[in-house]
Amino acid sequence: MKQGQLGVSVFGMLLVGILLAMVVVLAAKVVPTVTEYLAIQKAVNRAAQSGTTVTEIRNAFERAKTADYFEAISGKDLEISKDGDRIVVEFAYDKEIHLFGPAYLLLKYRGRNQ
């Protein structure tokens with residue numbers, strides 16, 4: 001019996017390489033937005049703990065925004081309410097990432113203080 005060759009063809013390697021490159025480029029575009037979301041979440045948590053009025057919370061958030069270098073939202077975009085005796089600070093924003101030509105990736109970020 002004849003034994004056939006085993007392995008991956010050049011075309012298969014090229015296809016895997018292209019797919020891997022696409023995933024790496026996409027990850028390189030998405031990771032900074034996730035990092036920004038985490039910084040916003042941290043700033044919202046600190047602002048909710050440091051203030052008792054809407055103005056104090058918004059000002060604390062603006063100070064954190066300046067320190068953490070994010071631009072997605074500002075203090076006026078926060079929704080501040082009370083749930084019993086607890087202050088609830090919520091935020092929501094969208095990020096568009098250009099992929100190619102007319103194609104975009106839309107990421108919707110939502111969060112609230114813990």
Side-chain angles (χ1 to χ4, degrees):
M1 290 210 297
K2 267 185 150 176
Q3 198 76 354
Q5 288 185 342
L6 300 175
V8 180
S9 67
V10 173
F11 179 73
M13 286 295 285
L14 185 63
L15 185 63
V16 168
I18 290 171
L19 290 174
L20 187 61
M22 289 172 62
V23 167
V24 167
V25 167
L26 184 63
K29 290 182 176 187
V30 170
V31 166
T33 67
V34 172
T35 304
E36 181 180 50
Y37 168 77
L38 294 174
I40 291 170
Q41 181 68 52
K42 189 169 84 173
V44 164
N45 288 335
R46 281 187 298 195
Q49 292 173 353
S50 68
T52 57
T53 67
V54 172
T55 306
E56 288 176 357
I57 292 171
R58 289 181 200 265
N59 289 339
F61 182 80
E62 287 296 329
R63 286 191 301 274
K65 176 182 173 185
T66 303
D68 290 338
Y69 304 111
F70 57 82
E71 296 292 324
I73 64 172
S74 64
K76 66 181 179 184
D77 298 323
L78 299 176
E79 293 181 24
I80 303 168
S81 61
K82 277 197 147 197
D83 184 18
D85 61 341
R86 183 173 175 258
I87 296 175
V88 177
V89 181
E90 296 177 305
F91 65 95
Y93 66 98
D94 299 340
K95 274 291 196 181
E96 280 187 0
I97 298 174
H98 181 255
L99 297 176
F100 57 89
Y104 286 83
L105 175 64
L106 177 64
L107 300 172
K108 293 182 175 254
Y109 290 108
R110 311 273 183 260
R112 65 187 302 181
N113 66 314
Q114 297 174 352

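FYI, side chains are in, hydrogens and waters are out, and symmetry mates aren't considered; it's all heavy atoms of this structure.
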Original post:
For K95 and E36, which heavy atoms make the closest approach, and how far apart are they?
Top reply: CE-OE1, 2.9 Å
Subject >> Side-chain heavy-atom pair Y93, I40 within 4.5 angstrom cut-off >> reply: yes
Subject >> Partners meeting salt bridge (charged side-chain N to carboxylate O under 4.0 Å, His left out) with K65 (sequence neighbours left out) >> reply: none
Subject >> Partner of M22 by side chain to side chain contact (heavy atoms under 4.5 Å, CB included), out of L20, I18, V25 >> reply: I18
Subject >> Check: T33 side chain, K29 main-chain N or O, donor-acceptor pair, under 3.5 Å >> reply: no
Subject >> Shortest non-hydrogen contact between Q41 and G111, atoms and distance >> reply: OE1-CA, 3.9 Å
Original post:
In the single-linkage hydrophobic clustering (I, L, V, M, F, W, Y; side-chain heavy atoms under 4.5 Å), do V34 and Y69 co-cluster?
Top reply: no
Subject >> Short side-chain to backbone donor-acceptor contact, N45 and Q114, under 3.5 Å >> reply: yes
Subject >> Side-chain donor or acceptor of N113 paired with backbone N/O of I87 under 3.5 Å >> reply: yes
Original post:
Can you name the nearest heavy-atom pair linking A27 to P32, along with the distance?
Top reply: O-CD, 4.5 Å
**OP:** Any pair with a residue in residues 43-62 that passes ring pair (Phe, Tyr, Trp, His ring centres under 6.0 Å), sequence neighbours left out, goes on the list, sorted by first then second residue, please.
**Re:** F61-F70
Original post:
Which atoms form the tightest heavy-atom contact between G75 and R58, and what is the distance?
Top reply: O-NH1, 2.7 Å
Original post:
Can we say D83 and R112 salt-bridge, meaning some charged N sits less than 4.0 Å from an Asp/Glu carboxylate O?
Top reply: no
**OP:** Group every Ile, Leu, Val, Met, Phe, Trp and Tyr by side-chain heavy-atom contacts under 4.5 Å, then state whether L105 and F100 land in the same group.
**Re:** yes
Subject >> D94 CG to L106 CG distance, which is reported to the nearest 0.5 Å >> reply: 5.0 Å
Subject >> Side-chain donor or acceptor of D77 paired with backbone N/O of S74 under 3.5 Å >> reply: yes
Original post:
Is I73 reachable from L38 through a run of hydrophobic residues whose side-chain heavy atoms are each under 4.5 Å from the next?
Top reply: yes
**OP:** Enter the distance from Y104:OH to L99:CG here, rounded to the nearest 0.5 Å.
**Re:** 9.5 Å
Original post:
For V88, what are the other residues in its hydrophobic cluster, where any two members join if their side-chain heavy atoms are less than 4.5 angstrom apart?
Top reply: none
